[in-house]
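Worksheet for the structure shown next.
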Amino acid sequence: YFADIMATCVDLAGAKYPKKYKGNDIVPCEGYSLVPNFSGNPTGRGMTFWEHEVNIAVRDGKWKLNILHREFDPIDLSKVELYDMEKDPVELNNLAAQYPEKVDSMMAAWQKWGEKVHVFPLSTDGYGHRSDSYKRHINGNFDDNLGGWAQNTKDGAVEYSINTEKPITGAKSAQVEIKATGEKPADSSLRWNFPTEKPMTATIGFTYRTDTPNSVWFRLEQNGKPEIKPFNQKIDLVPGTNTVSFDGVQLEKARYQLVFYFGKSLPGSITIDDVILDLK
């Protein structure tokens, strides 16, 4: 079981799983060390629980309870399957109707476990749709490096990296090294994709540092419809550290991308930080 890997590593290392890190409470380790199994001994784990995209299972000795959902299915926790794994290891004979009390007790145990490990709220949304909630909170300070930012360049004309030696603010900034000027702005880009589920108003902006005059196209455009640009402006960058911001950008319900286009920028270095994407 994946949950057991950490517990086993901690056990083998003779380490102690922390309760706090930098003042923050750490979620307790859920797994059991598999070290006893190496000598043919049981782990003493008792019931085992799991959940992934509302595919639920509980194992209690010979009994296994399943609830299966496909992507985007309505959630229905009454679709329970119960199997005797000793007599039916390939799960052909659903015994849920014959053992309702067993189903209820196993579901109650799963519910308690789910609340403890923060399974709720359940969602069968696809990965891309579920990640949208994360995408609304832009990685504008680059604390997660370039995580979430899609990068594009033509013929290696632009290199993207993280500047930790001389960031603008915090511990990290995005570093853009322009080796050659392209034929069009879209030849090289740094993009953040996000959805709007209703008409919204956006505030966008960023802080930059450059040693020489340069420029970058800064846009909000619809995914798959780049001709629809609620915001589209060439930003002239002046030497030093500066901040630009823009309020009141109107967005309809759609999927968008906030984009830096470097394809027509001049050779040189540009440091970017504190990118703002505020939706209301």
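Everything quoted here is computed from the prediction, not taken from an experiment.
For the pair Arg45 and Asp4, the salt-bridge criterion is met [side-chain N within less than 4.0 Å of a carboxylate O]. Contact check on Glu197 versus Lys253 returns no salt bridge, with no Lys/Arg side-chain nitrogen under 4.0 Å from an Asp/Glu carboxylate oxygen.
Glu101 and Tyr99 are not linked by any side-chain donor-acceptor pair at a separation below 3.5 angstrom, with hydrogens and angles left out of the test. Donor-acceptor pairing under 3.5 Å is lacking for the side chains of Ser161 and Glu177. In this model, a donor atom of one side chain and an acceptor atom of the other lie less than 3.5 Å apart for Thr203 and Asp247.
Ring pair Phe120/Trp110 is perpendicular by interplanar angle, where above 60° counts as perpendicular and below 30° as parallel. Note: Phe260 and Phe262 have parallel aromatic rings, judged against thresholds of 30 and 60 degrees for the angle between ring planes.
A side-chain donor-acceptor contact under 3.5 Å links Asp187 to the backbone of Glu183. In this structure, Asp273 contributes its side chain and Thr169 its backbone to a donor-acceptor pair below 3.5 Å. Between the side chain of Thr124 and the backbone N or O of Glu71 there is no donor-acceptor pair closer than 3.5 Å. At distances below 3.5 Å, not a single donor-acceptor pair connects side-chain atoms of Asn141 with backbone N or O atoms of Asp143. Checked by atom type and distance alone, the side chain of Thr8 pairs as donor or acceptor with a backbone atom of Leu34 at under 3.5 Å. Within the 3.5 Å criterion, the main-chain N or O of Lys102 finds a donor-acceptor partner in the side chain of Ser105. Judged purely by atom type and a 3.5 angstrom limit, Lys229 uses its side chain to pair as donor or acceptor with the backbone of Pro226.
The distance between the ring centers of Trp192 and Tyr256 does not fall below 6.0 angstrom. When ring centroids are compared, Trp113 and Phe49 come within the 6.0 Å threshold.
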